[in-house]
Student: 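Before I ask anything, here is the structure I am working with.
Keep in mind that the numbers below use all heavy atoms, side chains included, and drop hydrogens, waters and symmetry copies. All chains are named by letter (A, B, ...) in the order of the sequence lines, taking the proteins before the strands, and each is independently numbered beginning at 1.
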Amino acid sequence: MSTFNDEDAFEAAAAPQGGSLSQRAMGAALGARAAPYLDGLNPAQREAVETLDGPVLMLAGAGTGKTKALTARIAHLLTTGRARPNEVLAVTFTNKAAREMKNRVGTLLGEAVEGVPWLGTFHSICVKQLRRHAELVGLKSNFTILDTDDQIRLLKQLIVAEGVDDKRWPARMLAGLIDSWKNRAWTPDALPASEAGDYNNLGGKLYAQYQDRLRTLNACDFGDLLLHMVTIFQTHPDVLEQYQRWFRYIMVDEYQDTNVAQYMWLRLLAASHKNICCVGDDDQSIYGWRGAEVGNILRFEKDFEGAKIVKLEQNYRSTEHILGAASGVIAGNTGRLGKTLFTEAKGGEKVRLIGHWDGEEEARWMGDEIEAMQTGTRRMDPIGLDQIAILVRASHQMRSFEDRFLSIGLPYRVIGGPRFYERLEIRDAMAYFRLITSPADDLAFERIVNTPKRGLGDKAVQKIQTMARSNGVSLRDGARLLLEAKGLGGKGAVELAKLLDGLDRWSASARNDSVSHIEVAEMALEESGYTEMWQNDKTPEAPGRLDNLKELVKALEQFENLQGFLEHIALVMDNDSEDATEKVSIMTLHAAKGLEFPAVFLPGWEDGLFPSQRSMDESGVKGLEEERRLAYVGITRAEKLCTISFAGNRRVYGQWQNALPSRFVDELPERHVDVLTPPGIYGHQAGSANDMLDALGGSDLHEAAAKANVYNSPGWRRLQERQSSRGAPKARNMTIDAQAVSAFTVGERVFHQKFGYGEVMAVDGDKLDVSFDKSGDKKVIGKFLVAADSAGDVPF
DNA sequence: GTTGCGGCTGTATAT
DNA sequence: CAGCCGCAAC
């Protein structure tokens, strides 16, 4: 991957080279003459940049220029000659952030300093380290990194071997558990008894088996990258000291997201010199579910005595209303470190809030709105599509937007969606590549023995497995032995021999310098019959898959060899297709962290969806607070215009469900919010809140409220008050109109708020088939219909 | 050994 | 509603 340009940078760092002296001199001269990277920094940023020695905690609110400060700090370290590039370690969480930082450091430094700092994600840096020291944890340096899919398949094998019912105890669940243990830096022997008892009392046992299996496969999973390095540092002080000498200055981005393992890794590395600068924002901690410990940031001062705390509070990104709305929401959380963001940018548009009848309506409205924004609106000058983002809580929400945008021809880009490298054909192709570079990769072997179909089904594979196991060799060798022993006959034997022969040839070519890795890849895909398989495939997606394969081969060009490519794939999870056309971005709130857009849409603000019910059920108030931080992250992505919306009805599992506006909606300070009332649907003003609650059915409310004590937010209380007080409350002027459920009969004339008049064709419980005069046949829920003759009573 | 159908289940968030 | 898994027929 691109994080490291210099293969031998570790060695280079260990043995200073001739150039370094002149570099230092040049750096010093530069530093004395001018420090352009200091220009435009505010006092707080400047302090963070210039405090080079000792521990520093930079508490940087959203949009306060933390990347600017961080990159300036690196530039400062280098140009003043305080450190050589390879003595600086900067860690981020995402590849995107690493790339961004690398670019900005490059721009700041220009050609002034040779070499690059150690800049990359926790994982990429750990792989690099682990390759050097693999043998210390029983691996070889060419270990493979398993993806989630391999992981699950492996675990499943172990689970079945234990005679456990993998229906009741799914492999996914165990994978999640093991992951969470690794996040907390618990090796199998260090696993607390309380945890080992999880998973039907087999958790600890299976965990140990899994680790053993990984070792025999010469493989590790994501969590291992960190866990192994922490283990090595703890058990081999000499190795640790080496790194402590190399990395003299450490910087960490998004510190609030570090988990225990990452924290330990950092602490070990920084233990001797304490030159560590962590940047973070407790209000943006949104990864608790994957082991992040906000506690890491909260107790920084205790861990690193004499730490300097710098708060960045001036926001340069958003208007005062956007900032005000975000602050209002986040104020609902307790135990914050507390920052007060301010901006000098006064005025601007308020945060817009709009309710919709249903999810489709929401998508339709947003599509129209986005089209209008391109040519300019009353509120905003014209902006390009790439200036607009839609941020959703869960990726399944994206679908309605994709559908709508496809039908109106609005270009969009899904960020972090189903990834290129997770596609079936790509994973198959990669399994071939993996087998070429590491013959003992049994998981890859299992994946492709019978892809394309070679007449090698379960039975044949089992024979191979038995043979491999009894001889203690890989599946690939086991297959060879099986053939030699004539343990397989017919077509399968011929095909298997062909495959093994092919693999040997491709492996040989890969080792041969005169054959490029691209040729090897093409050879493998061709000769194995894999491409042919898709060419013969008549399904509509086959051509697309072939295209993807071509793209895959093309991607190889950027790498030295297959090995390097596979590494890249294993670690790089973002797929930024550099497609020049302007597109609206659709992504999850999580994926949006660290990004900013002039215009942001935040759809789906409904209780249960956002905040997510599951989060609240599983983690109670803590979960709710993390959801609230997510809301905060979402709002603060916006520079000029932020639009929040919710829908009264949404299909869930194909069924229509009604929902209440998110409690976060009620936490938005009114003075920063504009409530939009689209024409046609929410036309009337009177008694709206009561209507809405009646429509939703009072019993639903009580039921939900009784279910958990998490329903104690101000927003929830207000809703309840509104319900009990019969007078027209000072409600926002939005409503979802419907009559309480009543029975309808086939043939009856009815009226629907959205579809107009129609006739009931069939009744199935509360679901009805209605033939509408204007909108055709629809399935609707009874509570959204009124008898046609009473329609006049309802103020539409 | 392969393919196709039907029933069941289940939703987050990601390196 | 959709994807996955298991089962039954080819």
Student: Roughly how far, to the nearest 0.5 Å, is NZ of A/Lys593 from CD of A/Gln284?
Tutor: 6.5 Å
Student: Within a 6.0 Å radius of atom CG on A/Asp458, are there more than 12 heavy atoms belonging to other residues, nucleotides or ligands?
Tutor: no
Student: In terms of relative ring orientation, are A/His133 and A/Tyr243 parallel, tilted or perpendicular, with 30° and 60° separating the classes?
Tutor: perpendicular
Student: Mind telling me whether A/Phe433 and A/Phe565 have parallel, tilted or perpendicular rings, with 30° and 60° as the class edges?
Tutor: perpendicular
Student: To the nearest 0.5 Å, how far apart are OG in A/Ser585 and CD1 in A/Ile390?
Tutor: 9.0 Å
Student: How many Å lie between CG on A/Leu226 and C1' on B/dA14, as a whole number?
Tutor: 14 Å
Student: Figure out the CD/C1' separation between A/Gln151 and B/dA14, and round it to whole Å.
Tutor: 13 Å
Student: Of all residues at least two apart in sequence or in a different chain, which pass the ring-ring contact (aromatic ring centres under 6.0 Å, His included) check with A/His590?
Tutor: A/Tyr287, A/Trp289
Student: When you check the phosphate oxygens OP1 and OP2 of B/dT2, does a side-chain N or O of A/Asn450 lie under 4.0 Å from one of them?
Tutor: yes
Student: Hey, what are the protein-to-nucleotides 8-13 of chain B N/O distances that come in under 3.5 Å?
Tutor:
unit_1 : atom_1 : unit_2   : atom_2 : d
B/dT11 : O3'    : A/Arg614 : NH1    : 2.9
B/dA12 : OP2    : A/Arg614 : NH1    : 2.3
B/dA12 : OP2    : A/Arg614 : NH2    : 3.3
B/dA12 : N3     : A/Arg393 : NH1    : 3.1
B/dA12 : N3     : A/Arg393 : NH2    : 2.8
B/dT13 : OP1    : A/Ser395 : N      : 2.7
B/dT13 : OP1    : A/Ser395 : OG     : 2.1
B/dT13 : O2     : A/Trp289 : NE1    : 3.1
B/dT13 : O2     : A/Arg393 : NH2    : 2.6
B/dT13 : O2     : A/His590 : NE2    : 3.4

Student: Given atom NZ of A/Lys182 and atom C1' of B/dA14, what is their separation to the nearest angstrom?
Tutor: 16 Å
Student: How many angstroms lie between atom CG of A/Leu443 and atom CG of A/Asp147, to the nearest 0.5 angstrom?
Tutor: 9.0 Å
Student: What is the distance, rounded to the nearest whole Å, between atom CD of A/Gln397 and atom C1' of C/dC1?
Tutor: 16 Å
Student: Starting from the 5' end of DNA chain B, give me the residue, A/His123 or A/Arg454, whose nearest nucleotide shows up first.
Tutor: A/Arg454
Student: Any side-chain N or O of A/Arg399 below 4.0 angstrom from OP1/OP2 of C/dC1?
Tutor: no
Student: Nearest to the side chain of A/Arg290, heavy atoms from C-beta on, is which of C/dA2, B/dG1, B/dA14?
Tutor: B/dA14
Student: Atom CG of A/Leu146 and atom P of B/dT15: how far apart are they, to the nearest Å?
Tutor: 17 Å
Student: When the distance from CE of A/Met587 to P of B/dA14 is rounded to whole Å, what number comes out?
Tutor: 11 Å
Student: Report all interatomic pairs (protein N or O, nucleotide N or O of nucleotides 6-10 of chain C) with separations under 3.5 Å.
Tutor:
none

Student: More than 12 foreign heavy atoms under 6.0 Å from CZ of A/Arg153: is that the case here?
Tutor: yes
Student: Compute whether any side-chain donor of one residue and acceptor of the other, for A/Gln256 and A/Asp282, lie under 3.5 angstrom apart.
Tutor: no
Student: Atom CE of A/Met533 and atom C1' of B/dT3: how far apart are they, to the nearest Å?
Tutor: 15 Å
Student: Please report the distance, rounded to the nearest Å, between CG in A/Asp149 and C1' in B/dT15.
Tutor: 16 Å
Student: Expressed in whole Å, how much space separates the C1' atoms belonging to C/dC4 and B/dT13?
Tutor: 22 Å
